[in-house]
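What follows is one structure encoded as structure tokens, with my remarks underneath.
Lettering of chains follows the sequences in order, A, B, ..., and the numbering in each one begins at 1.
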Amino acid sequence: MFTALLTAMIGISAFKGLGIIDPATELFYMPTYYGAYIVGGLIFGAGFVMSGWCPGTAAVGAASGKLDALVFLCGAFLGSILFNELFPVIKPLYTAGQSSQDAFGQAGVAFVYTSLGMSEGAFALIFTLIAIGCFWGAEYLEKIKAKNPESGMYFQTPFLKAFSLVFLVFAGTLLFFSAPEAKTPTAGFELAKAPSSDESLLASVADAQDHVEPEELADALYNGDPNFIVIDVRPANEYKRFHIRGAKNVELPDLPAFMQKQDKAAKVVLYSNGMTHPAQARDALYRQGYRNVFILTDGLNGFINTCLKPVSLRKTPVSPQKADQINAWRNFFYASSAKTQIPADTPSLPGLVSTDWLFQNLKNPKVKIIDSRPQPEYNKSHIPGSLATSVENFRGVVGGLPSMLLPPALLSAKFSLMGIESDDIAVLVYAGDNVRDTTLIGLVFERLGHKTYGILDGGFEKWTGEKKPVNTELPPDTRSVYPVVRDKDDFTADYRQVLAHVQNKTALILDNRPKDYYTGKKSDEARAGHVPGAINRPFKDDLVQVGSYTTLKPTAELESAYAALIPSKDATIIVHCRTGHQASQTFFVLKYLLGYKNVFWYDGGWTEWAARQELPIEK
Amino acid sequence: MKPYSNPYLAGLGLGITLLASYLILGAGLGASGGLARFGAYAECLIAPSHVLSGEYFGKWGENPLRYYLVFMFIGVFIGGLFSAISASRIHIKIEKGNKCPPKLRLIFALCGGILVGFASRLAGGCTSGQALSGGALLLTGSLVFLIFVFAGGYAVAYFLRRQWDD
């Protein structure tokens, strides 16, 4: 144990001296808590002697079949749990007696040579001498006292002599090399640079040169000042939820690489929710020579409270000029900047979105993935970040009719709960042959005038078939304020309009139910049959199985199939099925894949038509 | 059964391992940390919400086993197994003095284990994580811990020596 300690100690000192390890950034130090360590040490020593094991040796002991080691491990396992359970009570002791020293910006990190007031090299040499003394002493004691002939077998052997000598030489060399460093800090440029960098760092902090006030930042961004680069250092999901307009998301580990690429003249402002992480990052970058890094005073929370909190919610009165400024900032920072975020290679929407495109845009915060599969399937695995919903969330009894697409106000409310924004690109995911689930959700978007939605071509099975990433993590719990949009629904037809078209023969009615329902052979409703003059085109005829997944048939194939049924692209077409579900798929195919201009969707469908006894039917 | 290796050379090997760990990971070795993670995992299986809301295990998150010390612990176990097999030293037995009843020895091992598990959480590590890894960086706390481990050990050794008497 002492040998290991000596080896590693000498090695680390040597690597530090040679510049292989940077002690400030590349090593992990535990702060010293005298109280906790003294009590912990005493209890540990007692347990150590009582059991004869420590966790490391017991792992090896258990591996070689020592039952007591196994029992010890169970004990240590229980002891850890016990500590967790007692933590609320023990907490004061856990942090008791923190050392007043600090090192590398971490409070409580204390080095024993500093505690004893000597240089690192001198302490290392003394420590080595003590350890060698202990080796010889222990071997001697074992030799004269023990009955066992194997004890003390190394006493005065050439091995122990050589071993001791090697350590002494190493420790002595370290002292020799580290001594001038400690005594004459101006000896070399490199040596002089480190302390002065820390001093100037502290001076810059003391002069408050490290901060940017929220108002200053808000003003600069509002006025489009190009000299500010704003960095959000929080995790991507928090960034996605909300960030200061124009901020880039760079997490702490990626900062140094990011900084290298930046203009040295620009003011780089780091922020997080609070101030601790950005301040640490700023100090680290300062040490690396960046003088243009600042932190946002009070972080994002402070920014929102100072600049964006509505005037009506403030405790202190606000002058009218200030109120105007706050409102202007609110409009600016809460407005979305989505138009710049739509990738150039986005397919024309509404339409089909390829798995490759989605994969490229998985991290885009404006791309919202909506998974329409049943919740248990979603729970098992889903495309990262996707929101789960069922098509049934958007349907209900409206005007006495079941399974009607809900009115816009309710749909907006549901989108708000899902965190969907009116400028998002929604990618809808289905599984199996349930393309119609996504096309019906597509009609929800249509009803709200939201045209940037697409259906994932091939659905979930194509995605997984291509080994693209899935996980079980929940998406961020984000709310949005989706505006209530009325009067955008220009595609839903009610029975009166259908009837008028039937009587005047002004529209082509496409019945998308299976053939047996169209002919009236089968029926789930009050009456069997179909709307007079309607043509049957079952929705399943538009689907094709490709290997493991189902998707819509190739456009060329659909084009010729529908050209045989419909005279021109300008013809008025009304699609319907029983409840509007299956017909939503045909609607999507006709309008967005084939470019038919006047397609309408009769939501009430056969359920309503059959129930209204006055409406004509045909068998 | 082969004899154990030269303890000084074994120590040198352990020191080089620790050095490598500092070079590659920036952090030292540790055994109790991995063990505690298993504890947190087990408790998580039984009462996840209780664990996650707790102040100590809670900060380790839902996957306490995703931590380098857990893998290190498994590695130590496999290494021990390998060494024991290669030296044909695997025997299911209880390490104890001749006069000590096995049951008493196991009770001591369990109680000692609980103390060690508890104390290593309190002190932020055990002999490997705190005393050895921190000691190599010459951290005051680690050496204080080491001194008091000896103090605690000597204080109870007199009362407990019976289990080792031949």
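Residue pairs that meet the side-chain hydrogen bond (donor to acceptor under 3.5 Å, both in side chains) test with at least one member in residues 54-63 of chain A, sequence neighbours left out, do not exist here. Applying the ring-ring contact (aromatic ring centres under 6.0 Å, His included) test to every pair with at least one member in residues 130-149 of chain B, sequence neighbours left out, gives these pairs: Phe44(A)-Phe145(B).
Taking the ring centroids of Phe118(B) and Phe83(A), they lie under the 6.0 Å cut-off.
With chain A as partner, the option from Tyr8(B), Phe57(B), Phe38(B) having the largest number of non-hydrogen pairs under 4.5 angstrom is Tyr8(B). Across Tyr113(A), Phe77(A), Phe123(A), the residue that shares the most heavy-atom pairs under 4.5 angstrom with chain B is Phe77(A).
Tyr41(B) OH: 12 or fewer foreign heavy atoms inside a 6.0 Å radius.
In this structure, chain B has a heavy atom under 4.5 Å from the side chain of Phe127(A), while its backbone stays farther away. Of the two parts of Leu86(A), only the side chain, counted from C-beta on, holds a non-hydrogen atom closer than 4.5 Å to a non-hydrogen atom of chain B. For Ala20(B), no part lies near chain A; criterion is any non-hydrogen pair under 4.5 Å. Contacts of Phe163(A) with chain B are made by side-chain atoms alone, with heavy-atom separations under 4.5 Å and no backbone atom involved. Within the 4.5 angstrom heavy-atom criterion, no atom of Pro102(B) approaches chain A. Proximity to chain A (any heavy atom under 4.5 Å) is restricted, for Val144(B), to the side chain, taken from C-beta onward. Heavy atoms of Leu143(B) lying under 4.5 Å from chain A belong exclusively to its side chain. Residue Phe87(A) touches chain B through its side chain alone, counting heavy-atom pairs closer than 4.5 Å. For Leu160(A), the part lying near chain B is the side chain, with the backbone staying farther off; criterion is any non-hydrogen pair under 4.5 Å.
Listed for the Thr7(A) side chain is no donor-acceptor partner under 3.5 Å among the backbone atoms of Gly15(B). Arg121(B) places no side-chain N or O within donor-acceptor distance of the main-chain N or O of Gly79(A), the cut-off being under 3.5 Å. The closest donor-acceptor contact from the side chain of Thr140(B) to the backbone of Phe111(A) lies under 3.5 Å.
Under the 4.5 Å side-chain criterion, counting only non-hydrogen atoms from C-beta, Val60(A) is not in contact with Phe77(B). Residues Asn84(A) and Glu43(B) form a side-chain contact, since some pair of their non-hydrogen atoms from C-beta on lies under 4.5 Å apart.
The distance from the CD1 atom of Ile114(B) to the CD1 atom of Ile43(A) is 12.5 Å, given to the nearest 0.5 Å. Within the model, atoms CG of Leu137(B) and OH of Tyr29(A) stand 6.0 Å from one another, a figure rounded to the nearest 0.5 Å.
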Practice item. Tell me, with the steps shown, if Tyr56(B) and Ile90(A) meet side-chain contact (heavy atoms from CB on, under 4.5 Å). Key: CA-CA 11 Å; Tyr56(B) 192 71; Ile90(A) 303 168; over 6 Å; no
